[in-house]
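What follows is a set of notes on a single structure, which appears directly below.
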Amino acid sequence: MIEFLDAKCMIGRRLQYRENAPKTNEDFLELMDRCNISHAITFHSVAKEEAISLGNQLLLDETKDNKRFLRQWCLPIKFHPAEFISEMKQNDVTSVRMFPDTFWYVLENNPTSGIMSILGECRIPVFMDADELKADAVYQLCTKYHENTFILTHPDYGNSSKYYSLMEDCGNLFLGTSNFLDHNGIKYFSKKFGADRLVFESGLPIGSACAAVSLVCYADISVEEKQLIASENMKRLLSEVNL
Amino acid sequence: MNWKKHVLEGNPFNDYFIFDVHGHIGKHKRIELLDSDAENLVASMDRLGVDKIAVSSFLSFTGDWVAGNQITEQAAKRFPGRVLGYASPDPFDEECDLSPYFESDRGFCGIKIHGLEQGGTPMNDRRYFPAYELANRLELPVLFHAWLPHEVAQVVDVARQFPRAIIIMGHAGLTAFASKEEAISACKKYDNVYLDTAISETYDGSLEYIVSKVGADRILYGSDFGTFECTQTLGKLALSKLTDTEKEKILGINARNLFKL
């Protein structure tokens, strides 16, 4: 069976009501078991939807009892880069996520100016949702900070080929699969760029882990390529982290 | 059946009858689709173990209904028994008459309505009534794009007025909580209303919730295949907490009965 490492999972209590949706960490773990997801790179909903620093703290509290949640912090708007990295190390946080649109970052200054170089040196992957920034901004980030690894999660549905030019221009850019839905999209992407540029993501709890793993399991590619996408690519990126 | 092992090994669903009631073929005006022709669709169905699919061409409801329905007909004739067609009307063309598509064996099984793409015409508008009267008379399935609450409400109005037509709410009104509840209410109120599973993004547990409210007999497997990869809805259903019997009904048994195959 294909084993998965989830590149995008968001825990935490949310105001948005969805009948019978996964809510607690136990719900998430049950789904992970059902879908053969060994670990999930996890940030906290409060960090995205309310207050970044508070969400980052809640993440530490709520994941302290389970190592299957791999901690991810969201980049605050104002912070001291060296201190931030030091705290990441102390708290076993191995990746970061940023929300340039939601929190109105000025990409050329804070938070990217000082922190990006350090993240690059430490090989800490930087995640961002595709709807958080325009293609131009992704291009600028990837080319300016070519030592960094960027992972574009939740690409726009139905049209994976729109990312082809970015992928061609930016060798340090990886694409998540949670919304990678067009017919044979994974097959053609893998043919063009290799399966090592895709990483599996469930998008839990808004997305469906069951649907996300099925997209990879039934893609028209080899088992080896499926396993790369499912977990090996992300494992390799995390293994490079040097904190 | 060990569904987890089956899906996670990527095994085809050859042991089950699978009828996808919600597919599309051809080019889309906004989305650059890959492999959305009938040949590639059927090749994927073979690989995955999908037995039948009911499709409409995008063109049939976005632009030229005559040319669009012809594309659908050609696909159905190219793959008889595997690909079935939905015919789409043009609400602005007074000459539009769908009845010839159903007078001989041209491969059509029902009617497709997509109000949003059809000039934003509300789906309970009188301009659609000739198509609904035909469906009512022949007891045909009518597949609706029922995404948002107001769309679900329009479809409910059609179900009330045309009780012998088989009303399929595409996407089951799943994108917003309110539309999902309205779709569930419609199923409870009208015997001719069914929901399909096609949805680009929805959460785990939603399918189990709907089945708990309306029963598995009222849910049909639909994927939006052609636009989207059908494996996400197939896998989501297979890995759900539903029973084997419920899964089998949704995968194809319900549709086989409804479409009188």
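Below, chain A is the first sequence line, B the second, and so on; all start at residue 1.
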Using only heavy-atom distances, determine whether the side chains of [X] and [Y] contain a donor-acceptor pair under 3.5 Å.
X	Y	value
D35(B)	N184(A)	yes
E246(B)	T243(B)	yes
S222(A)	E225(A)	yes
D61(A)	Q57(A)	yes
D129(A)	T153(A)	yes

Chain B: which of D27(A), N36(A), V216(A), V213(A) shares the most heavy-atom pairs with it under 4.5 Å?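 The option with the most such pairs is N36(A).
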Counting only non-hydrogen atoms closer than 4.5 Å, does H24(B) touch chain A with its backbone (N, CA, C, O), its side chain (CB onward), both, or neither?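 Neither part.
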By a 4.5 Å heavy-atom criterion (distance strictly below it), what part of L234(B) contacts chain A: side chain, backbone, both, or neither?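 L234(B) has no heavy atom closer than 4.5 Å to chain A.
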Give the member of E9(B), K5(B), K4(B) that has the highest number of heavy-atom pairs under 4.5 Å with chain A.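 Ranked by contacts with chain A, first place is K4(B).
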For chain A, which of N11(B), D204(B), L239(B), D224(B) has the most heavy-atom pairs under 4.5 Å?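 Top count of heavy-atom pairs under 4.5 Å with chain A: D204(B).
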Which atoms form the tightest heavy-atom contact between T72(B) and G85(B), and what is the distance?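 What the structure gives for the nearest pair is CG2-CA, 3.5 Å.
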What part of [X] gets within 4.5 angstrom of chain B, counting heavy atoms only: side chain, backbone, both, or neither?
X	answer
P205(A)	backbone
A230(A)	neither
I186(A)	neither
D220(A)	both
E30(A)	side chain
K162(A)	neither
I2(A)	both
Y188(A)	side chain

How are the rings of H183(A) and F225(B) set relative to one another: parallel (under 30°), tilted (30 to 60°) or perpendicular (over 60°)?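 Ring orientation, 0 to 90° scale: perpendicular.
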With R18(A) as the cation and Y203(B) as the aromatic partner, state whether NZ or CZ is under 6.0 Å from the six-membered ring centre and within 45° of the axis.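 Because its charged atom misses either the 6.0 Å distance or the 45° angle limit, R18(A) does not stack over Y203(B).
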Distance to the ring centre below 6.0 angstrom and angle to the axis at most 45 degrees; does that hold for K8(A) and F127(A)?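 Relative to the ring axis of F127(A), which defines the angle, K8(A) lies outside at least one limit.
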